[in-house]
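The next block holds one structure in the form of structure tokens; read it before the comments.
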Amino acid sequence: MRIVLAALFISTLLFSSCNKYSEGPNYSMLTRKARLCNDWELKAYSVSGNNAFDVDYTTKLSIDKDGTYSMSKTFNALGQIQGEYSNGRWEFAEKDETLYFFEDTTSKPTHEYSIKELRNKELVIVEDIFQTGESHRYTYQPQ
């Protein structure tokens, strides 16, 4: 019985130390890339802890395994669908804890996000804007 309890305790310590992101998950059978590459829709957005989500806008993010992404932000203005679109390439950085988005061929990322949670059913990323001191938090769920 003691051996079983010791093995359970050790395995709990090992699996809990696998948590790469501050908000989980502790363990996943899917790779980080497999969890990240998906078609996402923005479900929550806050700026420095204050809710800034606007239900009139639909923001979609598609991250592909080939290292490319596309993002669309659409809204209805007087019966006309208006939108903003961007695309480029993405890559992990800093031991897969940071996500870089590049919109052109330069080596400097356009956006740098800290990954807080990466599940196949939820993605939470934070972008700190150093010029203003604001922290933008995005919560995405699969479309």
[atom1] of [X] to [atom2] of [Y]: how many Å apart, nearest 0.5 Å?
| X | Y | atom1 | atom2 | answer |
| --- | --- | --- | --- | --- |
| Arg35 | Met29 | CZ | CE | 11.5 Å |
| Ser48 | His136 | OG | NE2 | 6.5 Å |
| Thr31 | Leu118 | OG1 | CG | 9.0 Å |
| Thr139 | Leu123 | OG1 | CG | 8.5 Å |
| Asp104 | Arg89 | CG | CZ | 8.5 Å |
| Leu61 | Asn38 | CG | CG | 9.5 Å |

Side chain to side chain, [X] and [Y], heavy atoms closer than 4.5 Å:
| X | Y | value |
| --- | --- | --- |
| Tyr85 | Asn87 | no |
| Ile125 | Tyr140 | yes |
| Glu94 | Glu112 | yes |
| Val47 | Tyr45 | yes |
| Leu42 | Phe53 | yes |

**OP:** For Lys116 and Arg137, run side chain to side chain contact (heavy atoms under 4.5 Å, CB included): C-alpha distance rounded to whole Å, both residues' side-chain angles, the deciding distance at 0.1 Å, then the answer.
**Re:** CA-CA 9 Å; Lys116 299 299 180 186; Arg137 182 183 175 96; 4.3 Å; yes
Original post:
What pairs with Glu41 under salt bridge (Lys or Arg N to Asp or Glu O under 4.0 Å), at least two apart in sequence or on another chain?
Top reply: Lys43
Original post:
Between Asp66 and Thr68, is any side-chain donor less than 3.5 angstrom from a side-chain acceptor?
Top reply: yes
Subject >> Asp39 and Ser62 side chains, donor-acceptor separation under 3.5 Å >> reply: yes
Original post:
When you look at Asp128 and Ser135, which way does the side-chain hydrogen bond (donor to acceptor under 3.5 Å, both in side chains) test go after all the steps?
Top reply: CA-CA 4 Å; Asp128 292 319; Ser135 179; 3.0 Å; yes
Original post:
Step by step, would you call Glu97 with Ile115 a side chain to side chain contact (heavy atoms under 4.5 Å, CB included)?
Top reply: CA-CA 6 Å; Glu97 295 177 3; Ile115 302 171; 5.9 Å; no
Subject >> Nonpolar side-chain network containing Tyr100, other nodes, edges under 4.5 Å >> reply: Phe102
Subject >> Joint hydrophobic cluster, Ile129 plus Tyr113, side-chain heavy atoms closer than 4.5 Å >> reply: no
Original post:
Is Ile81 linked to Leu78 within one hydrophobic cluster, defined over Ile, Leu, Val, Met, Phe, Trp and Tyr using a side-chain heavy-atom separation of less than 4.5 Å?
Top reply: no
Original post:
Taking all non-hydrogen atoms of both residues, which atom of Ala77 and which atom of Gln82 are closest, and how far apart?
Top reply: CB-CG, 3.8 Å
**OP:** Identify the heavy atoms of Lys121 and Trp40 that sit nearest to each other, and give their distance.
**Re:** C-CZ3, 4.1 Å
Subject >> Short side-chain to backbone donor-acceptor contact, Asn76 and Gly79, under 3.5 Å >> reply: yes
**OP:** Please work out whether the ring planes of Phe92 and Trp90 are parallel, tilted or perpendicular, with thresholds of 30° and 60°.
**Re:** perpendicular
Original post:
Residues two or more places apart in sequence or in another chain: which of them pass side-chain contact (heavy atoms from CB on, under 4.5 Å) with Ser86?
Top reply: Tyr69, Met71, Glu103
